[in-house]
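Reading through the structure tokens given below for one structure.
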Amino acid sequence: MNARSKPVRKAVLPSAGLGTRFLPATKAIPKEMLALVDKPLIQYAVEECVASGIEDVVLVTSRGKSAMEDHFDRAPELESFLESKGKASLAEAMRRLAGLARLRSVRQQEPLGLGHAVLQARDLVGDEPFAVLLGDVVMTGPQPATRQLVEIYEATGDGAIAAAPVPREQVSLYGIIDHDPPIERDGRQLYRIRDLVEKPAPDEAPSTLSIVGRYLLPPEIFGYLERTKPGRGGEIQLTDALRQLARERTLWAYVCQGKAYDAGDKLGFLEATVELALADGELGSSFRAWLRDLKI
Ligand code: G1P
């Protein structure tokens, strides 16, 4: 581990958004509770934290979204009901889910942007490096994306964000990274970030490398967030705080191994559903057979 790096023990999951891209499905339930196969999006994010060695998880929520906290809480009536019906292994799975991570939550009282949401977690994170996972981005692959960023932080002592190339006509959907040529570090290609732009027009984008929704940040980001003025869409953007951090310190971009699905988008949600269903031990082969025969 680099002399400057403290262990990464905490993650922040901004989960306060209104989910307007999925209305009417998200009118009465949080978008984070939409399920891919049989698990809600938020559970994939918490499982990624745990698989990355992080067990302290801070949910940034808002009014009407307490289903997320209920999901990770014990449910004694449900557990006894399942046991009385001979479904002991399902009851045990419900108990394991409640013990998956140490969850705490804080509310974002107004929808002032992703940067503002992360800032709400400041007291719960304290003076430590932490991960940020956007739950509508579901990542698959042999090693969790957050774990890959933790390893970069441990090796360099610097913050790192996950990146992916996108077609130029899609840059206005993402934060876009202006970067130096890649350097090799412990077998990984890292791009030092010069600047970042939130959702630029295609002809103004400094590159086609996008921010993917996984970040490993030093605690100093909170000071930058506090000073960040509303930017794109009138919101306090995490990207704008990161651009200041990248100018004054070192911030790396890394194209993580694995695939990223934007499950906050209908097409991305369907694509993630298909991949996860095909990979599912119980469903996979019958779903594959059904897909093969599907005639439309
Ligand atoms: C957010 C970030 C953006 C990033 C994207 C990744 O945007 O602001 O920089 O590229 O997540 O999914 P959102 O999709 O929440 O509008």
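The structure displayed is predicted, hence computed values, not measured ones. All ligand and atom numbering here is 1-based and tracks the order in the structure.
Of the protein's heavy atoms, Leu134 CD1, 3.3 Å lies nearest to atom 11 (O) of ligand 1. Looking only at protein heavy atoms, the nearest one to atom 7 (O) of ligand 1 is Lys199 NZ, 3.4 Å. The shortest contact between atom 12 (O) of ligand 1 and any protein heavy atom is with Val137 CG2, 3.5 Å. Among all protein heavy atoms, the one lying closest to atom 8 (O) of ligand 1 is Glu198 OE2, 2.7 Å.
At a threshold of 4.0 Å, the pair Arg194-Asp180 counts as salt-bridged, since one of the basic side-chain nitrogens sits closer than that to a carboxylate oxygen. For the pair Glu151 and Arg185, the salt-bridge criterion is not met [side-chain N within less than 4.0 Å of a carboxylate O].
When the shell of 6.0 Å around CD of Glu184 is examined, it contains more than 12 heavy atoms from other residues, nucleotides or ligands. Around the NZ atom of Lys266, the shell of radius 6.0 Å holds no more than 12 heavy atoms that belong to other residues, nucleotides or ligands.
In this structure, atom 15 (O) of ligand 1 is not in close contact with the protein, since no protein heavy atom lies within 4.0 Å of it.
Side chains of Tyr174 and Ile211 form no contact here, defined as non-hydrogen atoms less than 4.5 Å apart.
Considering backbone and side-chain N/O atoms, Ile211 comes within less than 3.5 Å of an N/O atom of ligand 1. Remark: ligand 1 and Gly175 share an N or O pair separated by less than 3.5 Å (distance only, no angle test). Between Tyr174 and ligand 1, no N or O atom pair is found at a separation short of 3.5 Å.
At least one heavy atom of Thr239 sits closer than 4.0 Å to an atom of ligand 1.
In this pair, Tyr191 and His179 present their aromatic rings perpendicular. The plane angle is above 60°, beyond the 30 to 60° band.
To the nearest 0.5 Å, atoms CG (Leu173) and CG (Asp265) are separated by 8.0 Å.
With a 4.0 Å cut-off on non-hydrogen atoms, Val212 touches ligand 1 through its backbone and not its side chain.
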